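For reference, the structure is listed below as structure tokens.
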Amino acid sequence: MTTVTNERLEQFSSRWALLISMIGVAVGTGNIWRFPRIAAKYEGGAFLIPWLVFLFLWSIPIIIMEYAMGKGTRKGTVGAFGKLLGHEFTWMGAFVGFVSTAIMFYYSVVTGWCLRYLAGALFGELQGLDFEGSQTFWNDFINGYQPVLFHFLSLAIATFILCGGVVRGIERANRVFVPSLVILLLLLFLRAITLPGAVRGIESFFTVRWETLLDYHVWLDALTQNAWSTGAGWGLILTYSVYMKKREDVVLNSGITAFANHSISLVSGVMIFAAVYALLPVRAAEVISKPGPLNTGLAFIWIPQLFSLLPGGYFFSVLFFLALFFASMSSLISMIELAVRVLNDAGVARNRAIGFVGAIGFVVGIPSAVNSAFFLNQDWVWGIGLMVSGAAFAFAVLRFGASQFREQYINAEGTDVLVGKWYDSIVKYLIPVEVTVLIGWWFWIAIQADPNGWWNPFRIESVGTCLIQWGVVVALFIGFNRWIARKTLEGP
Amino acid sequence: MMLLIFSILWGGLVVLLLIALGKEKQKSRDETERGV
């Protein structure tokens, strides 16, 4: 492959461009369809309290780590871990990068679904759908060739954007996607909360059943939602941070990124609850809380029905699926950029790397596009893999020295807000506990659900399938560690 | 409860953005004074 000697590192043109792009990373389909579903599981407000607690005890601390590592090392995940910890730990950065890349393979399939439904909304195909009609529309779509086609189109759009580079590609796209999706969601929010009967949904969303807080499940689900929806620990924020100016702040920007993510989730949650309780009051709880096919029931089965019941439903369905597509695409481009950054650090020219990642992404994503079991398996393995990535970040900071990391990387040049010693305690004690508890809990659920087959690597959601897939990836990266380190850290 | 949570998140976001705006203006002034 063509090696790079003189490609200069581009930078985001302003703080606002950086923040908008970071918010694009964080805000995705998880904010719009997963958050309301998990909130509904706990029948409203009790979920919001632990969800807010873990904003401060998981999301913000790890996002600070990512901003600091990307800005401080100016390398993607592989190089960042290598520079921080030494060549012998480059494989760890490769694992972190691989987890997000593996998610990208099926996330582009999901982006494709959003694009298909956007097209369906625009062409009026979603109008007048009842429950059966919605099911049929989804089944006809998912069982045909279209998921592969739209998976291809999503990757084509994303790679086209990335060919523009950081400023004319990533930044320019996010200047459209992010403000648009915020405005679209706010319009939908206003429409939803003014519907007759919406107040029941809003009440349901915010009423706190305090005894629910004594149920440990709500805390674990809140932590999981933070782990999966804020971008903390994915390596994506680290990637974009490579393109920060030296004078840019780490801590305040981390707070803004995380607060914006949660704020958008909140708007989405209220919107969904209000609309569903207003339009489908009898089945409201079921509608919001059931995962549905491939965990998409709310967005692709119920939302089309809701819009069919709404005056002006055509217009609002276009707004919703456009917002969903923008949220998905803004996250997808960051996942591809992560892999491109890693290859670029290893000496591969940017456009070649984009083409390579796009092509691999398309091919490896096809099984997820055509096989539901494979899709669910990958979502399971790499979703929990993200928690291991979070652990890897915490390990990196601990091994480097939490206080030294804080002084050298976080409270470095450009910082607007200094972080105190309390941060060291969070990294040293709290995050490792959170990771252990999270992974342990998800594995425990898997063992309980399948006591005889939890070890089986061929089951869709088993402990065995996680350990085998992670194990193969880790073994490969450890095996090739010296080569990876040489290519990434020593240049062409 | 609704007002509290919206205030924490959206109010917090606005406050953080205002602080960031203030810091940016300060940085620009400092850079201008230094002739950067």
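Chain letters run A, B, ... following the sequence lines, proteins first and then strands; every chain starts at 1. Remember, it's a predicted structure, so these values are computed and weren't measured experimentally.
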- Is it the backbone or the side chain of A:Val417 that comes under 4.5 Å from a heavy atom of chain B, or both, or neither?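 For A:Val417, no heavy atom lies under 4.5 Å from chain B.
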- Query: Which answer fits A:Leu52, side chain, backbone, both or neither, if we ask what part of it has an atom under 4.5 Å from a heavy atom of chain B?
  - Reply: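 Interface part for A:Leu52: side chain.
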Nearest 0.5 Å, what's the [atom1]-[atom2] distance between [X] and [Y]?
{"X": "B:Leu13", "Y": "A:Ile23", "atom1": "CG", "atom2": "CD1", "answer": "7.0 Å"}
{"X": "A:Leu48", "Y": "B:Ile5", "atom1": "CG", "atom2": "CD1", "answer": "4.0 Å"}
{"X": "B:Leu16", "Y": "A:Leu252", "atom1": "CG", "atom2": "CG", "answer": "5.5 Å"}

Donor-acceptor table for chain B and chain A, threshold 3.5 Å:
{"residue": "B:Leu9", "atom": "O", "partner": "A:Ser263", "partner atom": "OG", "Å": "3.4"}
{"residue": "B:Trp10", "atom": "NE1", "partner": "A:Ser263", "partner atom": "O", "Å": "3.4"}
{"residue": "B:Lys23", "atom": "NZ", "partner": "A:Asp416", "partner atom": "O", "Å": "3.4"}
{"residue": "B:Glu24", "atom": "OE1", "partner": "A:Arg247", "partner atom": "NH1", "Å": "3.4"}
{"residue": "B:Glu24", "atom": "OE2", "partner": "A:Arg15", "partner atom": "NH1", "Å": "2.9"}
{"residue": "B:Lys27", "atom": "NZ", "partner": "A:Arg247", "partner atom": "O", "Å": "2.8"}
{"residue": "B:Lys27", "atom": "NZ", "partner": "A:Gly414", "partner atom": "O", "Å": "2.8"}
{"residue": "B:Lys27", "atom": "NZ", "partner": "A:Asp416", "partner atom": "OD1", "Å": "3.1"}
{"residue": "B:Glu31", "atom": "OE1", "partner": "A:Arg247", "partner atom": "NE", "Å": "3.4"}
{"residue": "B:Glu31", "atom": "OE2", "partner": "A:Arg247", "partner atom": "NE", "Å": "2.6"}

- Query: chain A heavy atoms under 4.5 Å from B:Leu4: which part of the residue, side chain, backbone, both or neither?
  - Reply: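 Looking at B:Leu4, nothing touches chain A.
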- Heavy-atom closest contact (A:Phe259 atom, B:Leu9 atom, distance):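 Looks like CD2-O, 3.5 Å.
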